[in-house]
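Side chains are part of it too, since the values below use all heavy atoms of this structure and drop only hydrogens, waters and symmetry mates.
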Amino acid sequence: MDKGSAHRAPVRKVYIAANHRNDLDFAKELMSRAEQSDLEFSVGPPRGRYAVGGPGSYALKLTVSHAINPCSHVLVVVGEQTQSDAWVDWEVDLAINLRKRLAAVYLDPNFEPPDALKFCVIELAKDRSLDSIRAAILRADRARQ
């Protein structure tokens, strides 16, 4: 172990649950900004036209499950269409069932969260900055202890 890594904070793996049609650009931007941080973000595969319970969704659900499982946290990007996105709702439900720590960032304070997020303990980022999102993730760690 080199001297630099001895004091480095552990990497937190964070799955980003976001509306792919409207909020994927923000998720990709966040992934880019976090490249040199202690946060390792990932996002699920394109959903195409698959409905959550429709034909073809089983393989997609399995892929998303495999993406969320190794993560310690799930960050929900609450955008304009998130509240009506059944996939984001399903990802939040899965995260709860897998006992992942939850954090959220609102792209606008007037946007509505998905239903699954309304009744669980979650840490909110104060703004869209990486520092604010990181702080929410760290608070989620402390809340779980």
Side-chain angles (χ1 to χ4, degrees), residues 5 7-145:
S5 63
H7 300 291
R8 191 175 298 163
V11 172
R12 287 170 176 79
K13 293 185 177 191
V14 182
Y15 179 88
I16 300 174
N19 178 281
H20 280 219
R21 198 169 301 127
N22 296 308
D23 305 323
L24 199 55
D25 286 342
F26 175 77
K28 289 178 180 178
E29 175 190 327
L30 187 59
M31 291 167 71
S32 176
R33 284 189 278 162
E35 285 180 357
Q36 301 299 318
S37 78
D38 61 342
L39 301 175
E40 182 181 309
F41 290 105
S42 63
V43 67
R47 292 143 186 181
R49 299 172 191 232
Y50 296 115
V52 170
S57 68
Y58 176 78
L60 188 54
K61 285 181 176 181
L62 194 59
T63 302
V64 171
S65 296
H66 286 297
I68 291 176
N69 201 42
C71 295
S72 55
H73 299 75
V74 171
L75 174 69
V76 182
V77 176
V78 181
E80 186 175 12
Q81 300 297 317
T82 306
Q83 200 272 335
S84 61
D85 188 324
W87 276 109
V88 174
D89 212 40
W90 183 83
E91 289 169 326
V92 171
D93 278 337
L94 179 63
I96 292 166
N97 288 331
L98 293 174
R99 300 185 46 76
K100 303 298 179 183
R101 295 170 184 100
L102 294 170
V105 57
Y106 281 71
L107 300 184
D108 182 291
N110 297 315
F111 293 156
E112 288 291 319
D115 288 340
L117 205 60
K118 291 179 181 177
F119 304 105
C120 62
V121 176
I122 190 160
E123 294 297 330
L124 297 176
K126 294 180 180 169
D127 58 46
R128 298 166 58 160
S129 71
L130 181 60
D131 287 340
S132 180
I133 291 167
R134 183 178 179 280
I137 289 167
L138 293 175
R139 285 193 310 273
D141 281 343
R142 289 191 294 274
R144 179 64 71 84
Q145 293 175 352

What are the two closest non-hydrogen atoms of [X] and [Y], and how far apart are they?
X    : Y    : result
V52  : S57  : O-OG, 2.8 Å
L130 : A34  : CD2-CA, 3.8 Å
L102 : C120 : CD1-SG, 3.7 Å
D93  : A116 : OD1-CB, 3.3 Å
D85  : R47  : OD2-NH1, 3.7 Å
V77  : T82  : O-OG1, 3.1 Å

So, [X] side chain and [Y] main chain: donor-acceptor pair closer than 3.5 Å or not?
X    : Y    : result
D89  : D115 : yes
K100 : N69  : yes
S32  : K28  : no
W90  : G53  : no

Are the side chains of [X] and [Y] in touch, meaning some heavy atoms are under 4.5 Å apart?
X    : Y   : value
V64  : Y15 : yes
L98  : V74 : no
E80  : N19 : no
I137 : R12 : yes

Quiz item: Going by distance alone, is a donor N or O of one side chain under 3.5 Å from an acceptor N or O of the other, for D141 and H73?
Solution: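 A donor-acceptor contact under 3.5 Å links the two side chains.
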Quiz item: Would you say the side-chain atoms of D131 and S129 include a donor-acceptor pair closer than 3.5 Å?
Solution: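 There is no such pair between these side chains.
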Quiz prompt | Separation between CD of E112 and CD of Q81, rounded to the nearest 0.5 Å | solution = 12.5 Å
Quiz prompt | Atom pair OG (S42) and CG (L75), whose distance is rounded to the nearest 0.5 Å | solution =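 Rounded to the nearest 0.5 Å, the OG-CG separation comes to 10.5 Å.
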Quiz item: Do D38 and R134 meet the salt-bridge criterion of a basic N to acidic O distance under 4.0 Å?
Solution: yes
Quiz item: With a 4.0 Å cut-off, would you call R128 and E29 a salt bridge?
Solution: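 The answer is no: the pair does not qualify as a salt bridge.
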